[in-house]
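Right, one structure below, let's go through it.
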Number of protein chains: 2
Amino acid sequence: MFSKATEYALRATIFIAQKGTEDNKIGIGEISKAIDSPPSFTAKILQALRKNNKIIRSVSGPNGGFYMTEKMRKLPVRAILEAMGENEMLDKCVLGLEKCSETKPCPMHSKYKIIKEQLIELFETKTIQHLADDIKNGAVFINNKSK
Amino acid sequence: MFSKATEYALRATIFIAQKGTEDNKIGIGEISKAIDSPPSFTAKILQALRKNNKIIRSVSGPNGGFYMTEKMRKLPVRAILEAMGENEMLDKCVLGLEKCSETKPCPMHSKYKIIKEQLIELFETKTIQHLADDIKNGAVFINNKSK
DNA sequence: ATAATTAAGGACAAATTTATCCTTAATTAT
DNA sequence: ATAATTAAGGATAAATTTGTCCTTAATTAT
């Protein structure tokens with residue numbers, strides 16, 4: 001569905017929301033280990049989420065790392081997707097037709113549209129905080145390892 | 001959602017279903033022009049759909065080209081997706097977690113699952129024929145050009 | 001039979017995505 | 001102030017996807 005970069009962005013952000021606070025920041029090493037992603041590549045992604053999109057924060061130096069403010073945690077998942085350039089995906093015709101639209105639909109359009117709207121609704125109503133809380137409540141996971 | 005290769009596969013197959021019969025085969029030139037796709041790349045894809053998956057047929061030589069049998073036209077859209085290796089996509093966790101499952105779900109799992117099931121249902125019930133007929137009936141399009 | 005036409009298939013090229021490594025800058029603790 | 005720690009950022013590499021081109025094989029029309 002999404003690129004690997006976006007998958008890492010989602011996992012990392014959720015992890016930071018769950019564990020990182022201003023006085024307990026999390027390093028890229030811990031993050032990439034926890035979410036099973038390549039550290040340097042993940043770092044790049046987090047840099048962008050910070051600099052361009054203000055979805056997370058970071059500070060350098062000892063005890064530095066990443067964290068999120070209350071406000072940031074309340075952003076919808078969609079904000080991450082948007083930041084990662086996945087807006088096009090959520091907009092796009094299944095058949096890849098540039099010109100597909102309500103007035104000139106492709107043969108999948110009407111049925112696909114209904115499903116896509118649910119997807120968008122989901123990404124817009126679920127906040128990062130919600131997902132982090134679910135993990136804290138213990139019913140749900142974000143790591144990729146067996147145990 | 002899907003790769004470009006899959007988009008071309010879907011469009012080309014629908015176009016062949018709509019226009020190609022055993023005694024009126026369609027050449028790769030006409031196909032790629034109609035669906036706005038790179039001819040050689042599209043040819044590769046159609047070769048595979050023919051050889052490995054028997055979703056379309058072709059014959060070389062003058063008046064050669066691609067066509068589909070009745071039976072082939074009745075295949076669900078899902079058959080094309082499967083042929084193009086998109087099964088994993090329809091199965092995969094939104095967050096890209098290898099281990100995400102009913103018993104060890106990611107925080108998006110339960111809601112995402114419901115939507116994905118609708119998507120699969122759609123691809124399994126819609127046949128290639130259905131889509132081709134919709135175009136013939138004139139309400140719906142598959143070309144990418146303005147007029 | 002020969003020539004013409006069209007798909008099959010192989011080799012290769014370009015573009016994009018994913019990933020690594022190294023140096024620099026910022027921040028903190030001593 | 002100095003040393004240690006950690007993210008920022010640039011350069012580059014590897015892998016994958018997308019795309020092209022050319023030769024070969026199959027088929028048909030003459």
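In this text, all values refer to a predicted model and were calculated from it rather than measured experimentally. The analysis underlying the following values was restricted to heavy atoms, covering all of them including side chains, and did not include hydrogens, waters or symmetry mates.
Using the Watson-Crick or G-U wobble rule with both distances under 3.5 Å, dC22(D) pairs with dG9(C). Base pairing analysis places dT27(D) opposite dA4(C); the two distances defining the Watson-Crick or G-U wobble pair are each below 3.5 Å. Across all strands shown, dA15(D) pairs with dT16(C); the Watson-Crick or G-U wobble distances both stay below 3.5 Å.
Smallest separation of non-hydrogen atoms from Ile55(A) and Met68(A): O-CE, 3.3 Å.
Donor-acceptor pairing under 3.5 Å is recorded for the side chains of Thr42(A) and Ser37(A). With 3.5 Å as the limit, one finds no donor-acceptor pair spanning the side chains of Gln129(B) and Glu70(B). No side-chain donor from either of Arg11(A) and Asn143(A) sits under 3.5 Å from a side-chain acceptor of the other.
As rounded to whole Å, 15 Å separates atom C1' of dA8(D) from atom CD1 of Ile45(A). One can place CD1 of Ile28(B) at 14 Å from C1' of dT20(D), the figure rounded to the nearest angstrom. In this entry the distance linking CG of Asn24(A) with C1' of dT28(C) reads 16 Å, nearest Å. Across the protein-nucleic acid pair, Asp23(A) atom CG and dT27(C) atom C1' stand 16 Å apart, rounded to whole Å. In this entry the distance linking CZ of Arg11(A) with C1' of dT18(C) reads 14 Å, nearest Å. For Leu49(A) and dA8(D), the CG to P distance is 11 Å, given to the nearest whole Å. Residue Phe41(A) contributes atom CZ, which lies 16 Å from atom P of dT16(C) at whole-angstrom precision. Look at CZ on Phe66(B): it is 14 Å from C1' on dT5(C), rounded to the nearest Å.
Regarding contacts with the backbone of dT27(C), every side-chain N or O of Asn63(A) stays at 4.0 angstrom or more from both OP1 and OP2. Between Tyr8(A) and dA19(C) there is a side-chain N or O to OP1 or OP2 distance below 4.0 Å. A close approach under 4.0 Å does occur between a side-chain nitrogen or oxygen of Arg50(A) and OP1 or OP2 of dA8(D). An OP1 or OP2 oxygen of dA8(D) is reached within less than 4.0 angstrom by a side-chain nitrogen or oxygen of Ser58(A).
Distance from the side chain of Lys44(B) is smallest for dC21(D) among the nucleotides dA7(C), dC21(D), dT28(D). Distance from the side chain of Gln47(A) is smallest to dG9(D) among dT20(C), dG9(D), dA8(C). Nearest nucleotide to the side chain of Ser60(A), out of dT6(D), dC21(C), dG9(D): dT6(D). Side-chain proximity of Pro62(B) to dT18(D), dG9(C), dT5(C): nearest is dT5(C).
In terms of position along DNA chain D, the nucleotide closest to Thr42(B) lies nearer the 5' end than the nucleotide closest to the other residue of the pair Thr42(B) and Lys25(B). Projected onto DNA chain C by closest heavy-atom contact, Thr6(A) and Val59(B) fall at different nucleotides, the more 5' of which corresponds to Val59(B).
Note on Ile26(B): only backbone sugar-phosphate atoms sit closer than 4.0 angstrom, heavy atoms only; bases stay farther off. Here Leu46(A) lies out of heavy-atom contact (under 4.0 Å) with every strand. At a threshold of 4.0 angstrom between heavy atoms, the contacts of Gly65(B) are confined to the sugar-phosphate backbone, with no base atom among them.
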Checklist entry - Run the salt bridge (charged side-chain N to carboxylate O under 4.0 Å, His left out) check on Glu7(A) and Lys4(A) step by step: do they pass? => result CA-CA 5 Å; Glu7(A) 291 174 357; Lys4(A) 290 204 177 189; over 6 Å; no
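When ring centroids are compared, Phe141(A) and Phe15(A) stay outside the 6.0 Å threshold.
Not a single donor-acceptor contact under 3.5 angstrom links the side-chain atoms of Lys51(A) to the base of dG9(D).
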